[in-house]
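What follows is one structure encoded as structure tokens, with my remarks underneath.
On a predicted model such as this, the values are computed, not experimentally measured, just so you know. All chains are named by letter (A, B, ...) in the order of the sequence lines, taking the proteins before the strands, and each is independently numbered beginning at 1. Basis for what follows: all heavy atoms, side chains included, without hydrogens, waters or symmetry-related copies.
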Number of protein chains: 2
Amino acid sequence: MIPLHQRIRDEIEGLIRSGAWAPGHRAPSETELMAQYGCSRMTVNKAMSALAEAGLIVRRRRAGSFVARPRVHSTVLDIPDIQAEITARGETYGFVLLAAERRPADPDDGDEVELAGEGDLVALRGLHVAGGRPFALEDRLISLAAVPEAAAADFAAEPPGAWLLHHVPWTEAESRISAIGAEPAVAELLALDVGAALLAVERRTWRAGEPVTRVRQLFPGEAYDLIARFGPAR
Amino acid sequence: MIPLHQRIRDEIEGLIRSGAWAPGHRAPSETELMAQYGCSRMTVNKAMSALAEAGLIVRRRRAGSFVARPRVHSTVLDIPDIQAEITARGETYGFVLLAAERRPADPDDGDEVELAGEGDLVALRGLHVAGGRPFALEDRLISLAAVPEAAAADFAAEPPGAWLLHHVPWTEAESRISAIGAEPAVAELLALDVGAALLAVERRTWRAGEPVTRVRQLFPGEAYDLIARFGPAR
DNA sequence: CTCGCGAATATGTCTATACATATTGAACCG
DNA sequence: CGGTTCAATATGTATAGACATATTCGCGAG
């Protein structure tokens with residue numbers, strides 16, 4: 001049984017997404033919807049407030065509720081877990097740990113110093129492999145001040161991304177996406193020509209304001225797409 | 001005056017984001033919060049339902065409300081309007097229309113055929129310029145079946161992105177982000193070496209299920225970053 | 001000791017009502 | 001004709017109560 005407020009919400013959302021109600025269109029008032037659905041105003045209000053929160057309508061007192069004009073920016077981007085992504089494609093996933101060391105932050109690198117805080121860093125380099133072929137190169141720094149358990153973790157057994165996900169819940173994250181050419185060392189590891197275009201995803205995460213980790217993942221440009229959608233899919 | 005349900009919501013969100021309530025932590029029941037804030041259950045419920053909808057807590061009947069473990073995927077990505085982005089940086093913006101033609105869809109290109117529908121296409125190529133230097137190359141197709149007015153528009157005066165935004169509200173969009181090497185023609189237009197890494201953003205938009213436009217924007221890799229954030233910023 | 005059943009609990013939904021608040025449009029007055 | 005006031009309107013917030021539903025816990029029977 002679908003709750004009534006959800007049904008109202010879904011129906012109106014359908015009218016908007018189908019284009020039947022164009023941006024700017026004025027929706028019926030709560031009183032009208034209340035009569036239309038034979039329910040109380042609170043129920044209608046719950047549906048309409050949810051649509052407003054979702055950004056589908058704009059509500060103005062005395063004036064009414066209007067279909068919002070969608071904004072170009074801020075779509076939802078799926079940055080999937082690499083392992084999950086690969087297995088979802090039906091390919092076998094592997095992770096090769098190329099290097100792992102514990103070291104203090106480079107004092108010339110403000111970024112590292114901030115990440116390390118009072119402690120050392122764990123620096124990792126690893127290769128994500130899909131079906132026997134290199135899929136992504138990952139360079140990661142983990143703050144031991146934030147995650148002391150990382151000193152003893154075996155990242156060859158469990159890739160650092162998955163390990164962190166299980167051990168350290170984060171509260172904030174920032175991802176930065178750019179394109180760079182492959183340097184010789186990187187090109188060799190990814191089995192590409194030097195200078196080949198790579199999609200670079202750099203992500204930093206924090207827990208309660210304290211930096212936890214910074215990771216830079218390099219994907220061969222033609223092998224990987226990031227997709228962001230705005231639309232009927234829920 | 002901040003509404004009470006919002007205050008409750010904000011306070012609990014603060015406890016979660018600060019890490020005071022770790023993932024898995026059980027929040028007080030609605031009855032307890034109701035006593036704590038001296039309000040009715042509906043008010044507490046509104047706050048907690050909103051937090052649940054936002055994915056910050058998970059609610060289970062009889063069991064209670066628990067702080068959710070954040071998921072890696074689905075962050076919010078800002079895909080800004082290029083013109084707005086450049087002027088925000090304090091640089092002068094310019095758009096150079098390199099080519100514009102009206103033509104039927106290429107029957108060998110299923111993508112174009114779908115976009116065109118029963119009508120022709122407008123095919124445009126233009127260069128976004130920031131402070132006198134090339135910033136992005138844009139190739140765009142507009143469906144005249146969906147937007148007949150595009151046949152008469154002057155895209156040299158108003159860049160097609162802005163023109164479309166003003167004339168055709170869309171209801172769905174999909175963006176695809178990848179990295180490619182610059183081909184000779186592209187490299188020359190962007191004043192780069194052949195093979196230089198480019199960030200490619202391809203976006204398609206629909207209105208009420210009908211394809212409206214498809215645009216491919218190529219940015220010099222080192223000149224532009226896309227940033228996605230998840231965190232306390234609201 | 002285990003299984004099944006019923007009671008307790010926490011959330012989920014909904015109603016009817018009340019008052020607050022922003023905004024608009026129209027009536028009124030200078 | 002222009003500005004001010006005021007009432008109508010639509011949303012915003014909140015209450016108290018009611019019943020529904022899923023899930024867990026504990027008790028008692030086998």
Side-chain angles (χ1 to χ4, degrees), chain A residues 1-17 20-71 234, chain B residues 1-17 20-71 234:
Chain A
M1 195 53 198
I2 300 153
L4 181 53
H5 68 84
Q6 176 107 34
R7 217 193 88 202
I8 299 174
R9 190 186 152 159
D10 289 348
E11 287 188 16
I12 294 181
E13 182 164 345
L15 288 167
I16 296 173
R17 298 238 188 254
W21 287 4
H25 173 91
R26 181 182 161 160
S29 75
E30 294 193 353
T31 320
E32 289 168 298
L33 288 169
M34 180 177 154
Q36 184 177 325
Y37 285 96
C39 65
S40 80
R41 214 194 108 204
M42 278 302 293
T43 306
V44 169
N45 183 274
K46 188 163 189 174
M48 297 300 275
S49 309
L51 288 170
E53 184 130 349
L56 277 156
I57 62 174
V58 173
R59 315 195 78 194
R60 276 165 45 216
R61 284 176 165 154
R62 162 73 223 238
S65 303
F66 302 85
V67 177
R69 353 191 76 82
R71 296 157 308 156
R234 292 231 315 182
Chain B
M1 194 55 196
I2 299 151
L4 181 54
H5 69 84
Q6 176 110 30
R7 215 192 90 203
I8 300 174
R9 189 185 154 160
D10 289 349
E11 286 189 16
I12 294 181
E13 182 165 345
L15 289 167
I16 296 173
R17 297 235 188 258
W21 287 3
H25 173 90
R26 181 183 160 159
S29 75
E30 293 193 353
T31 320
E32 289 168 298
L33 288 169
M34 181 178 153
Q36 185 177 322
Y37 286 96
C39 66
S40 80
R41 216 194 107 203
M42 277 301 292
T43 305
V44 169
N45 183 273
K46 188 163 189 174
M48 297 299 274
S49 309
L51 289 170
E53 185 130 348
L56 277 157
I57 63 173
V58 173
R59 314 195 79 193
R60 277 163 45 217
R61 284 175 166 155
R62 163 73 225 234
S65 303
F66 302 86
V67 176
R69 352 191 77 81
R71 298 156 305 155
R234 296 227 312 182

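- Counting 5' to 3', DNA chain D first comes under 4.0 angstrom of a heavy atom of chain A and last does so at the ends given by D:dA8 to D:dA14.
- Summarising the geometry, atom CD1 belonging to A:Ile8 is positioned 10.5 Å from atom CD belonging to A:Gln6; distances are rounded to the nearest 0.5 Å.
- Nearer the 5' end of DNA chain C, as judged by each residue's closest nucleotide, is the contact made by B:Arg60, out of A:Arg60 and B:Arg60.
- Within the 3.5 Å criterion, the main-chain N or O of A:Ser29 finds a donor-acceptor partner in the side chain of A:Glu32.
- We find the NE2-CG distance between B:His5 and B:Asp10 to be 10.0 Å, quoted to the nearest 0.5 Å.
- Looking at heavy atoms from C-beta onward, A:Arg17 lies in side-chain contact with A:Leu56 at the 4.5 angstrom threshold.
- Checking A:Met1 against A:Arg26, the closest nucleotide of DNA chain D that is more toward the 5' end is the one next to A:Arg26.
- Less than 4.0 Å separates DNA chain D from at least one heavy atom of each of the following residues of residues 34-50 of chain B: B:Cys39, B:Ser40, B:Arg41, B:Met42, B:Thr43.
- Applying the side chain to side chain donor-acceptor pair (under 3.5 Å) criterion to B:Thr31, with sequence neighbours excluded, gives no partner residue.
- For the pair B:Leu4 and A:Gly64, nearest-nucleotide mapping onto DNA chain D gives the more 5' position to A:Gly64.
- Under the ring-ring contact (aromatic ring centres under 6.0 Å, His included) criterion, the residue pairs touching residues 20-59 of chain B are B:Trp21-B:His25, with sequence neighbours excluded.
- Remark: A:Ala35 engages no residue in a side-chain contact (heavy atoms from CB on, under 4.5 Å) (not counting sequence neighbours).
- In this structure B:Ala22 satisfies the side-chain contact (heavy atoms from CB on, under 4.5 Å) test together with A:Arg207, sequence neighbours excluded.
- Looking at heavy-atom distances under 4.0 Å, A:Arg7 makes no contact with the nucleic acid at all.
- Without hydrogens or angle criteria, B:Arg9 side chain to B:Lys46 main chain gives no donor-acceptor distance under 3.5 Å.
- When the C1' atom of C:dA16 is taken as reference, atom CD of A:Glu30 falls 15 Å away, rounded to whole Å.
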Close N or O pairs between protein and nucleotides 3-8 of chain C (under 3.5 Å):
{"residue": "C:dA8", "atom": "N3", "partner": "B:Arg62", "partner atom": "NH1", "Å": "3.0"}

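- Screening residues 54-67 of chain A for salt bridge (charged side-chain N to carboxylate O under 4.0 Å, His left out), with sequence neighbours left out, gives A:Glu30-A:Arg59.
- Partners of B:Glu11 by salt bridge (Lys or Arg N to Asp or Glu O under 4.0 Å), not counting sequence neighbours, listed by chain and number: B:Arg7.
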